[in-house]
Amino acid sequence: MGPVVTAVSSSPTHTFGKVNRARIRLLAGLGVEGDAHMGRTVKHRSRVAADPSQPNLRQVHLIHEELFDEVAEAGFVVTPGQMGENITTRGVDLLALGRGTVLELGRARVEITGLRNPCAQIDGFSPGLLKRMVYRDERGELVRRAGVMGVVLTDGEVEPGTAVGVCLPAGEHIRLERV
């Protein structure tokens with residue numbers, strides 16, 4: 001079996017975690033229907049405070065479920081939706097994708113815009129987990145592992161079991177940066 005969606009989640013309010021759903025609807029140019037982060041312009045509170053007219057490059061948050069397996073080995077229990085992601089996947093290394101990669105999720109299409117920048121709220125959820133989500137590697141480079149962000153290109157419903165197709169952009173691989 002290839003890459004697949006294992007869970008979908010949303011929340012109408014700005015909460016750290018999101019509620020697992022049977023399905024979510026992605027709306028082109030907006031994000032997840034009914035989610036607090038849906039919109040053409042930024043919805044993340046600190047970004048709204050800085051400049052509410054910024055484009056929303058964080059309409060959809062995705063995390064690979066394998067990350068939960070890795071942190072479980074260190075004693076952390078994290079399940080889909082608890083870190084605020086809308087879509088949990090298995091079988092695709094989201095963090096290795098380049099900017100502009102398009103994920104096909106059934107009929108829906110999401111373009112990856114960058115890495116989620118994890119914040120201190122993660123330690124409020126589970127003390128010490130933030131150090132597993134963001135750290136410096138042996139070369140001193142900052143590593144962010146809390147998932148990727150994207151914008152919706154094409155409407156569609158997504159549910160657990162939906163296959164994930166990966167369409168790499170033409171040209172040189174552009175490493176993901178935080179958005």
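Values reported hereafter were calculated over all heavy atoms of this structure, with side chains retained and with hydrogens, waters and symmetry mates removed. Just so you know, residue 1 is the first one in the sequence shown, and it goes up from there.
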### Query
Given the rule in the side-chain contact (heavy atoms from CB on, under 4.5 Å) test, do L67 and D69 qualify, once you have shown the distances and angles that lead to the verdict?
CA-CA 5 Å; L67 179 61; D69 299 339; over 6 Å; no
### Query
Between E70 and R145, is a salt bridge (charged side-chain N to carboxylate O under 4.0 Å, His left out) present by the stated rule, with each step listed?
CA-CA 11 Å; E70 291 174 32; R145 299 177 25 144; 2.7 Å; yes
State yes or no: do [X] and [Y] share one hydrophobic cluster built from I, L, V, M, F, W and Y residues joined by side-chain heavy-atom distances below 4.5 Å, directly or via other members?
{"X": "L27", "Y": "L105", "result": "no"}
{"X": "L30", "Y": "V42", "result": "no"}
{"X": "V5", "Y": "V32", "result": "yes"}
{"X": "I112", "Y": "M133", "result": "no"}
{"X": "V4", "Y": "L97", "result": "no"}

Measure the [atom1]-[atom2] distance between [X] and [Y] for me, rounded to the nearest 0.5 Å.
{"X": "Q82", "Y": "T15", "atom1": "CD", "atom2": "OG1", "result": "11.5 Å"}
{"X": "H44", "Y": "Q54", "atom1": "NE2", "atom2": "CD", "result": "11.5 Å"}
{"X": "T79", "Y": "N20", "atom1": "OG1", "atom2": "CG", "result": "6.5 Å"}

List the atom of [X], the atom of [Y], and the distance in Å for their closest heavy-atom pair.
{"X": "T6", "Y": "E65", "result": "CG2-OE1, 3.4 Å"}
{"X": "L129", "Y": "F76", "result": "N-CE2, 3.5 Å"}
{"X": "G98", "Y": "T101", "result": "O-OG1, 2.7 Å"}
{"X": "V77", "Y": "F125", "result": "O-CZ, 4.0 Å"}
{"X": "N56", "Y": "M38", "result": "ND2-C, 4.4 Å"}
{"X": "P118", "Y": "R116", "result": "CD-O, 3.1 Å"}

Do the non-hydrogen side-chain atoms of [X] and [Y] ever get within less than 4.5 Å of each other?
{"X": "R23", "Y": "V158", "answer": "no"}
{"X": "L26", "Y": "V110", "answer": "yes"}
{"X": "I87", "Y": "T89", "answer": "yes"}
{"X": "V151", "Y": "V60", "answer": "no"}
{"X": "T154", "Y": "R107", "answer": "no"}
{"X": "L94", "Y": "L103", "answer": "yes"}
{"X": "R90", "Y": "H64", "answer": "no"}
{"X": "V19", "Y": "S9", "answer": "no"}

#### Entry: Exercise: do E85 and T88 side chains pair donor with acceptor under 3.5 Å
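The answer is yes; a qualifying pair exists.
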Does the [X] side chain pair with the main chain of [Y], one donor and one acceptor, at a distance under 3.5 Å?
{"X": "T113", "Y": "M149", "value": "yes"}
{"X": "Q121", "Y": "F16", "value": "no"}
{"X": "D123", "Y": "G128", "value": "yes"}
{"X": "R21", "Y": "S10", "value": "yes"}
{"X": "N86", "Y": "V8", "value": "no"}
{"X": "D35", "Y": "P12", "value": "no"}
{"X": "E66", "Y": "G91", "value": "yes"}

### Query
Listed by chain and number, what are the side-chain contact (heavy atoms from CB on, under 4.5 Å) partners of T41, not counting sequence neighbours?
K43
### Query
How is the hydrophobic cluster of V143 composed, in terms of its other members, when Ile, Leu, Val, Met, Phe, Trp and Tyr link through side-chain heavy atoms under 4.5 Å apart, directly or indirectly?
Y135
Which side-chain N or O atoms in residues 167-179 pair as donor and acceptor under 3.5 Å with protein atoms at least two apart or in another chain?
{"unit_1": "R175", "atom_1": "NH1", "unit_2": "E141", "atom_2": "OE1", "d": "3.4"}

### Query
Is the gap between the ring centers of H14 and H37 under 6.0 Å?
yes
